[in-house]
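Presented below is the structure to which this report refers.
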Amino acid sequence: MAPPAPVHPRLRFAPSPTGFFHVGGARTALYNWAIARRLGGTFVLRIEDTDEARNRPEWTDGIIDSLAWIGISTDDPTFEGPYFQSSYAGAHIEAATRLYESGVAYYCDLTPDEVQVRAKVSGKPGYDGFSRDRGLEPGPGRVLRFRVPDGTTVVSDLVRGDVEFDNAHIEDFVLVRGNGTPMFLLANVVDDVAMAITHVVRAEEHLPNAPKQQMLWRALGHEPPTWAHVPVLVNEQRKKLSKRRDKVALEQYRAEGYLADAMVNYLMTLGWAPAGDTEIMPWSRIEAEFRLEDVNHAPAFFDLKKLSAFNGEYIRMLPLDEFIAACDEWLPSDWDRAVFARMAEHVQTRVVTMTDVAPMVDFLFLAEPEIDEGSWNKTMSSEFARALLRDTIEAFAAVDFVAAELKTALEEIGERYGQKLGKAQAPVRVAVTGRTVGPPLMESLEELGRDETLRRMRAALDRLEGR
RNA sequence: GCCCCCAUCGUCUAGUGGCCUAGGACACCACCCUUUCAAGGUGGCGGCACGGGUUCGAAUCCCGUUGGGGGUGCCA
């Protein structure tokens, strides 16, 4: 016997467009991508376009855009598609006809209500095979059902091992609706066969469909693909992430300033861990090390705190010039980029997401600092604050206006009042930046300049003295 | 109800019979550093769901219990 021809690995990712791209879908896409790349195969994008999705092409564009953001780009040679399920409608019906003619599928004229009544009477859930041997011809209102054989179906799953299903528990499922349109299950298998898909990597919720699809593959005359059902992502209630309750749109994380690299890295650690003591690693290593066989079996909690930690880490890993470049789109266009660039190193260690960047340095660019009343009340109420402000204005007017000198001057003034610099800087900080927290003060003042610093301090003093 | 999947610190995980008085990461706490806040450094808290087996030896294998999740459409 001749050795089997080598098969080119083809992994399909088949999202249904719904107006946003789910983080769980992103992880599944990444799994497919990693395996396709490592095996030297192809990542096939096939959109399960519904009627609604067809009327909203922007949904599909959104998916492609989101995939590109996480590094899965249509420009990459590994990428193939996008294809659309609807464009294979003819093949779906053709396959159904073949199945009917070969006797593995049959027509049934029972309505859904009638099926339900029979189930209730017999006490057995689901369709009972009523029309199996009635020899019905195709006709309006009649559905085509698959004749599930006796025995068991074993689904060999890369992450779960062999999963055995007793066919007695699988009803004769519908292939074609009464109106003649094919069901998703059929369409899916026919498309996979047509595209020579070798690996089906998808969420665990599809596992119960696998035996049905596997039977369909065989009925169509093909060996089923390699299956891999990966666990779902859950919320703190341990429920599958839902659009209503949870923040699941990848686009939203992008808009909130999460870095694609951080998101990708974090997503890959849910259900899988690289060898060694560090989870932070570049995609190139993940791609080389990721194995479906090593994916965990239990659902994983999508932890925003840990994502944030990853994001902060990734921001800090950026070379300074890259960080500055990355900040550009997050800053108002009229802010002086040179000023920001000089402060950037102080910003980089203090932000969690890119949306934190602008508010951290806004006082340098605004005509008036935005005074946070809580901060004001906390630091300005004492007599010490007023006196210190007065002395500092005087000192700052005379000193060489650079960070080191400013620091020395403030330190001296603090000593007069028995306060360390940590306490002494607070009123100045609130007067100039409007808040108790922020980038290093002296450096900020130097950047602001003597005139503006003194003006803000005098304004604060005026307010304190009721002027 | 029925079918299927799952079960290690609060969370994500390492662990595939002896290397485990169970390792790492996030979170949390303490200390150090310090110009606020961060960042960084050091240390700490904290877990094999339960009960039976198998074995010289079990987090690891088997059975049961409990608990969680998913699926049960002429949806995708």
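Here is how names work: the chains are called A, B, and so on, in the same order as the sequence lines, proteins then strands, and each is numbered from 1.
At a threshold of 4.0 angstrom between heavy atoms, the contacts of A:Ala426 with the nucleic acid are absent. Note on A:Phe165: only backbone sugar-phosphate atoms sit closer than 4.0 angstrom, heavy atoms only; bases stay farther off. At the heavy-atom level, A:Thr436 lies under 4.0 Å from base atoms of the strands shown.
Along RNA chain B, the nucleotide nearest to A:Lys423 and the one nearest to A:Thr269 differ in position, and the one closer to the 5' end is contacted by A:Thr269. Each of A:Asp166 and A:Asp294 was matched to the nucleotide of RNA chain B holding its nearest heavy atom; the match closer to the 5' end belongs to A:Asp166.
A cation-pi contact links A:Lys247 to A:Tyr253, judged by a cut-off of 6.0 Å to the six-membered ring centre and 45° from its axis.
For B:rC37, the base has a donor-acceptor partner in the side chain of A:Arg350 [N/O atoms by modelled type, under 3.5 angstrom].
For the pair A:Arg316 and B:rG40, the criterion of a side-chain N or O lying under 4.0 Å from OP1 or OP2 is met.
Salt-bridge annotation for A:Lys212 and A:Glu171: absent, with no side-chain N of the basic residue lying under 4.0 Å from a carboxylate O of the acidic one. A salt bridge between A:Glu452 and A:Arg456 is present, with a side-chain N of the basic residue lying under 4.0 Å from a carboxylate O of the acidic one. A salt bridge between A:Arg134 and A:Asp109 is present, with a side-chain N of the basic residue lying under 4.0 Å from a carboxylate O of the acidic one. Using a cut-off of 4.0 Å between Lys/Arg side-chain N and Asp/Glu carboxylate O, A:Arg147 and A:Asp172 are scored as not salt-bridged. Ion pairing between a basic and an acidic side chain is recognised when a charged N comes within 4.0 Å of a carboxylate O; A:Lys239 and A:Asp246 show no such pairing.
With hydrogens and angles disregarded, a donor-acceptor distance shorter than 3.5 Å links the side chain of A:Asp157 to the backbone of A:His229. In this structure, A:Arg145 contributes its side chain and A:Ala105 its backbone to no donor-acceptor pair below 3.5 Å. The backbone N or O of A:Ile170 lies less than 3.5 Å from no partner atom in the side chain of A:Asn167, so there is not a single donor-acceptor pair.
Pair check for B:rG51 finds B:rC63; Watson-Crick or G-U wobble, both atom distances under 3.5 Å. Across all strands shown, B:rA25 forms a Watson-Crick or G-U wobble pair, both distances under 3.5 Å, with B:rU11. Figure legend. B:rG1 is base-paired to B:rU72; pairs are counted as Watson-Crick or G-U wobble with both atom distances under 3.5 Å.
One C1' atom belongs to B:rG24, the other to B:rC31, and the distance between them is 22 Å to the nearest Å. Rounded to whole Å, the separation between the C1' atoms of B:rU16 and B:rC20 comes to 14 Å. Taking the P atoms as reference points, B:rC19 lies 24 Å from B:rU13, given to the whole Å. The separation of B:rC50 from B:rA25, taken at their P atoms, amounts to 26 Å, rounded to a whole angstrom. B:rG53 and B:rG44 have their P atoms separated by 38 Å, with the value rounded to a whole Å. Spacing between B:rC75 and B:rU65 at atom P, rounded to whole Å, works out to 37 Å. Going from the C1' atom of B:rG40 to that of B:rU34 covers 11 Å, rounded to whole Å. Comparing the C1' positions of B:rC62 and B:rG71 gives a spacing of 27 Å, expressed to the nearest Å.
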Tell me, for nucleotides 43-48 of chain B in 5' to 3' order, what letter each nucleotide earns: B for a base near a protein heavy atom under 4.0 Å, S for only sugar-phosphate near one, - for neither?
-> ------
Letter by letter from the 5' end, nucleotides 22-31 of chain B scores (B base, S sugar-phosphate only, - none; protein heavy atoms under 4.0 Å) --BBSS----
Letter by letter from the 5' end, nucleotides 62-76 of chain B scores (B base, S sugar-phosphate only, - none; protein heavy atoms under 4.0 Å) -------SSS--BSB
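Regarding A:His169, its NE2 atom lies at a distance of 15 Å from the C1' atom of B:rC5, rounded to whole Å. With rounding to whole Å, A:Met281 atom CE is found 13 Å from B:rU13 atom C1'. As a whole-Å value, the separation of A:Gln214 CD from B:rC4 C1' is 15 Å. Straight-line distance from the CG atom of A:Asn296 to the P atom of B:rU11: 13 Å, rounded to whole Å. The CG-C1' distance, from A:Asn265 to B:rC12, rounds to 12 Å in whole Å. Between A:Arg202 atom CZ and B:rC5 atom C1' there is a gap of 14 Å when expressed in whole angstrom units. Atom CZ of A:Phe290 is separated from atom P of B:rU13 by 12 Å (rounded to the nearest Å). Atom CG in A:Leu410 sits roughly 12 Å away from atom P in B:rU36 (whole-Å rounding).
Note on ring orientation: taking the six-membered ring where Trp is involved, the planes of A:Tyr107 and A:Tyr100 are perpendicular (angle over 60°, cut-offs 30° and 60°). Ring-plane geometry between A:Phe396 and A:Phe401 is classed as perpendicular, the angle between the planes exceeding 60 degrees on a 0 to 90 degree scale with a lower cut at 30. Using a 30° and 60° split on the angle between ring planes, A:His92 and A:Tyr88 fall in the parallel class, below 30°.
The ring-ring contact (aromatic ring centres under 6.0 Å, His included) test applied to A:Phe365 returns A:Trp335, not counting sequence neighbours. Contacts of A:Tyr127 classified as ring-ring contact (aromatic ring centres under 6.0 Å, His included), with partners at least two apart in sequence or in another chain: none.
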May I have the step-by-step check of salt bridge (charged side-chain N to carboxylate O under 4.0 Å, His left out) for A:Arg435 and A:Asp372, ending in yes or no?
-> CA-CA 6 Å; A:Arg435 291 180 291 264; A:Asp372 172 63; over 6 Å; no
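Side-chain contact annotation: A:Asn188 with A:Arg12, donor-acceptor N/O pair under 3.5 Å present.
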Would you list the protein and nucleotides 32-35 of chain B atom pairs, both N or O, that sit under 3.5 Å from each other?
from	atom 1	to	atom 2	distance (Å)
B:rU35	OP1	A:Lys407	NZ	2.9
B:rU35	O2	A:Leu441	N	3.0
B:rU35	N3	A:Glu443	OE1	3.3
B:rU35	O4	A:Glu443	OE1	2.8
B:rU35	O4	A:Glu443	OE2	2.8

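With distances taken from any side-chain atom of A:His297 to the nucleotides B:rA7, B:rU36, B:rG1, the minimum falls on B:rA7.
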